[in-house]
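This report refers to the structure that appears directly beneath it.
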Amino acid sequence: MNAPDKIFLPDIQSTPDTRQLAIQQVGVKGLRYPLTLRTPAGERATVAEFAMTVALPPEVKGTHMSRFVEILERPRQALAPADFIPLLADTLGHLQSAGGRIEARFPYFIEKRAPVSGVASLLDYDVAVAAEQLPGGLPRLTLEITAAATSLCPCSKKISDYGAHNQRSHLTLRAQLRPGQEDRLSIEDLVRLAEEEASCEVFGLLKRPDEKWVTERAYDNPKFVEDLVRDIALRLMAEPAVAAWTVASENFESIHNHSAYAELHGVNA
């Protein structure tokens, strides 16, 4: 309950601090909130976990934590990833800060059609969108997706008289976009890029002709975990809108009780 305006309540956060230590990030984390996304398939509702922080000057004691929630409570239209840049600007203005970061992590669903039967189903992906601005710098947007895929072992295929063992892979792509080109690469683009470089993509719903197709597709396209990250990296290096990138693959082995893992990162000229 808000106190009546006539009652004076001291604002301790705004009092001076004498320790002369600036804080790079201060704010709220683990804030779960509804989020409406603007996607190529229309508006989609999800629930995101937000982390929202700002830079705090050395002379200020604390930030106003409630203002982060106030930002999310403001009426607004559905957000595309590029809209996180003005959302960050709004946050910096409301909290009177020269730098900050907003990150939202959420499940994201894309409708896919089976390769032979054409039956449609939704497949879920883990997605993160982050907007960040350092004091005195330009805002930058980062997209991250994790997609499940199939990988088939080239060594197993080569040495076995029949069959080859395969794994489910989690492919994680993180792309920092160039300023002014935040709308040139979408979540769907990153998902498509990852799935195209796997031994085979996965689907939510498959019929028997589809199962035959995906099994044979993976067998004809074997890849080590190293192949996966290198092939995806080459695709990210060719994307004009990408300034920096990271790609990782964790392959959950079917013949071991551990995972195979590889990670590669770089900066585009």
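Values below: all heavy atoms of this structure, side chains included; hydrogens, waters and symmetry mates excluded.
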- Evaluate side chain to side chain contact (heavy atoms under 4.5 Å, CB included) for F109 paired with T46, printing each intermediate quantity in order. CA-CA 9 Å; F109 292 85; T46 187; 5.8 Å; no

- Message: I need the L264 CG to E226 CD distance, nearest 0.5 Å.
- Response: 11.0 Å

- Query: Between D189 and R192, which heavy-atom pair has the shortest distance, and what is it?
  - Reply: OD1-NH1, 3.2 Å

- Message: Looking only at side-chain N and O atoms, does E250 offer a donor or acceptor that is under 3.5 Å from a partner on S259?
- Response: yes

- CG (L88) and CG (L141) are apart, to the nearest 0.5 Å, by 10.0 Å

- Query: Are I71 and D90 side-chain neighbours, meaning at least one heavy-atom pair lies under 4.5 Å?
  - Reply: yes

- Message: Counting C-beta onward and ignoring hydrogens, is there a side-chain heavy-atom pair between N251 and L228 closer than 4.5 Å?
- Response: yes

- Query: Between CD1 of I145 and OG1 of T172, what distance do you get to the nearest 0.5 Å?
  - Reply: 7.0 Å

- Message: Before you tell me yes or no, could you show the steps for E201 and K112 under side chain to side chain contact (heavy atoms under 4.5 Å, CB included), namely the whole-Å CA-CA distance, both residues' side-chain angles and the distance that decides it to 0.1 Å?
- Response: CA-CA 10 Å; E201 59 189 295; K112 301 182 65 176; 2.7 Å; yes

- Message: Between D83 and R76, does any NZ, NE, NH1 or NH2 come within less than 4.0 Å of an OD or OE carboxylate oxygen?
- Response: no

- In this structure, are over 12 heavy atoms from other groups packed under 6.0 Å from E211 atom CD? yes

- Message: Quick one: does any side-chain atom of E182 pair with a main-chain N or O of G180 as donor and acceptor, under 3.5 Å?
- Response: yes

- Task: Flag the pair S169 / F252 as yes when at least one side-chain heavy-atom distance between them is below 4.5 Å, and no otherwise.
- Result: no

- Exercise: identify the closest heavy-atom pair between V214 and P115: CG1-CG, 4.2 Å

- Query: Atom CG of L143 and atom CG of L190: how far apart are they, to the nearest 0.5 Å?
  - Reply: 6.0 Å

- Taking the six-membered ring for Trp, are F106 and Y108 parallel (under 30°), tilted (30 to 60°) or perpendicular (over 60°)? tilted

- Message: Any donor-acceptor pair under 3.5 Å linking the side-chain atoms of E188 with those of Y125?
- Response: no

- Message: More than 12 heavy atoms of other residues, nucleotides or ligands under 6.0 Å from CD of Q20: yes or no?
- Response: yes

- Message: I'd like to check R235 versus E196 (side-chain heavy atoms, cut-off strictly below 4.5 Å). Are they in contact?
- Response: yes

- Are any of the side-chain heavy atoms of K61 and I12 separated by less than 4.5 Å? yes

- Item | V28/F50 under side chain to side chain contact (heavy atoms under 4.5 Å, CB included): CA gap, chis, key distance, verdict | CA-CA 8 Å; V28 297; F50 283 87; over 6 Å; no

- Task: Kindly work out whether a path of hydrophobic side-chain contacts (I/L/V/M/F/W/Y, heavy atoms less than 4.5 Å apart) joins V225 to Y219.
- Result: no

- Query: Side chains of R105 and D126: closer than 4.5 Å at any heavy-atom pair?
  - Reply: no

- Message: I'd like to know if the side chain of R44 and the backbone of I110 have a donor-acceptor N/O pair within less than 3.5 Å.
- Response: no

- Task: Please report the shortest heavy-atom distance between A194 and L171, naming the atom on each side.
- Result: O-CD1, 3.6 Å

- Item | Test item: T91 and F68 side chains (from C-beta on) under 4.5 Å apart, heavy atoms | yes

- Message: Is there a side-chain contact between L79 and V129 in this structure, where contact means two heavy atoms from C-beta onward sitting under 4.5 Å apart?
- Response: no

- Message: For P240, is there any backbone N or O sitting under 3.5 Å from a side-chain donor or acceptor partner on R184?
- Response: no

- Message: Test side chain to side chain contact (heavy atoms under 4.5 Å, CB included) on H165 and E253; report intermediate values, then the result.
- Response: CA-CA 9 Å; H165 78 83; E253 295 277 7; 3.6 Å; yes

- Message: Please report the interatomic distance NZ(K223) to OG(S249), rounded to the nearest 0.5 Å.
- Response: 10.5 Å

- Note on the structure: Scanning both residues in full, the closest heavy-atom pair of L35 with A48 reads CD2-CB, 4.0 Å

- Task: Over all heavy atoms of both residues, which pair between R178 and A243 is shortest? Give the atoms and the distance, please.
- Result: CG-CB, 3.8 Å

- Query: If two hydrophobic side chains count as joined below 4.5 Å and joins carry through other members, does L206 share a cluster with L123?
  - Reply: no

- Item | Donor + acceptor pair across side chains of S117, D210 (<3.5 Å) | yes

- Message: Whether the side chain of Q133 engages the backbone of G137 through a donor-acceptor N/O pair (distance < 3.5 Å, no angle test) should be reported.
- Response: yes

- Can you name the one residue among D231, V247, L173 that meets side chain to side chain contact (heavy atoms under 4.5 Å, CB included) with L193? L173

- Message: Under a 3.5 Å distance rule, please check whether N268 uses its side chain to pair with a backbone N or O of V242 as donor and acceptor.
- Response: yes

- Message: Would the distance check show the side chain of R101 and the main-chain N or O of E132 forming a donor-acceptor pair, the cut-off being under 3.5 Å?
- Response: no

- Message: Heavy-atom count check: over 12 atoms from other residues, nucleotides or ligands less than 6.0 Å from R19 CZ?
- Response: no

- Message: Is there a path of hydrophobic side-chain contacts, each under 4.5 Å between heavy atoms, that joins V229 and L234?
- Response: yes

- Message: When you group the ILVMFWY residues by side-chain heavy-atom contacts below 4.5 Å and let the links chain together, are V119 and W213 in the same group?
- Response: no

- Query: Is there a donor-acceptor pair under 3.5 Å between the side chain of S97 and the backbone N or O of G99?
  - Reply: yes

- L92 reachable from L134 in the ILVMFWY side-chain graph, under 4.5 Å edges: no

- Which pair of heavy atoms, one from I187 and one from P81, lies closest together, and at what distance? CD1-CG, 4.0 Å

- Counting only N and O atoms by type, is there a donor-acceptor contact under 3.5 Å from the side chain of S199 to the main-chain atoms of N221? yes

- Can you tell me how far CD1 of I232 sits from CD of E195, rounded to the nearest 0.5 angstrom? 10.0 Å

